[in-house]
Amino acid sequence: QVQLVESGGDSVQAGGSLRLSCTAGNIRIQAIGWYRQPPGKQRELVASITNGGTTNYADSVKGRFTISRDNAKNTVYLQMNILKPEDTAVYYCNDPWDWGSWGQGTQVTVSS
């Protein structure tokens with residue numbers, strides 16, 4: 001069982017930037033996806049990265065968000081630029097192929 005911890009969420013104004021971190025404490029990170037759950041809506045996949053570094057993005061964030069990994073730190077990042085109010089959500093990281101349990105997530109709030 002992998003323990004993933006999200007961090008980096010904050011409250012920012014539209015147009016601002018944040019970098020989220022996802023750290024695995026017990027095993028080396030393989031494929032990782034960033035998910036988000038806006039208020040009153042379902043959780044959705046935002047971006048993913050494979051062990052080899054291949055990335056994919058939801059259309060809503062493509063060109064604004066960048067997912068990356070630092071294997072030495074066993075950490076996956078989500079750089080979020082040009083944030084919009086629609087990006088407001090709790091952000092989670094997880095294995096796209098085996099969700100297992102979800103962590104606490106990290107809150108991102110974007111004000112107009």
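Worth saying up front: this structure is predicted, and the values here are computed from it rather than measured.
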Where do [X] and [Y] come nearest, in terms of heavy atoms and distance?
| X | Y | value |
| --- | --- | --- |
| A58 | L45 | CB-O, 3.6 Å |
| L20 | G8 | CD2-C, 3.5 Å |
| L83 | R64 | CA-NH1, 3.9 Å |
| G103 | Y92 | O-CE2, 3.4 Å |
| N81 | S17 | OD1-OG, 2.9 Å |
| P85 | S112 | CG-OG, 3.5 Å |

Main-chain N/O of [Y] paired with [X] side-chain donor or acceptor, under 3.5 Å:
| X | Y | result |
| --- | --- | --- |
| D70 | T75 | no |
| E6 | C93 | yes |
| N56 | S48 | no |
| N94 | S101 | yes |

If you take the centroid of each ring, where Trp contributes its six-membered ring, are W34 and F65 closer together than 6.0 Å?
no

Is Q107 atom CD crowded by more than 12 heavy atoms from other residues, nucleotides or ligands, each under 6.0 Å away?
yes

Count the heavy atoms belonging to other residues, nucleotides or ligands that lie under 6.0 Å from CD of Q104, then report whether that count exceeds 12.
no

Would a single hydrophobic cluster contain both [Y] and [X], if residues Ile, Leu, Val, Met, Phe, Trp and Tyr are joined by side-chain heavy-atom contacts under 4.5 Å?
| X | Y | answer |
| --- | --- | --- |
| I82 | V12 | no |
| V110 | L18 | yes |
| Y57 | M80 | yes |
| V5 | V108 | no |
| L78 | L4 | yes |

Can you find a heavy atom in the side chain of E86 that is under 4.5 Å from one in the side chain of P38?
no

Nearest 0.5 Å, please: how far is [atom2] in [Y] from [atom1] in [X]?
| X | Y | atom1 | atom2 | value |
| --- | --- | --- | --- | --- |
| T88 | Q37 | OG1 | CD | 13.5 Å |
| I32 | N51 | CD1 | CG | 10.5 Å |
| T50 | R69 | OG1 | CZ | 7.0 Å |
| S7 | Y77 | OG | OH | 9.0 Å |

Charged tip of R43 within 45° of W102 ring normal and under 6.0 Å:
yes

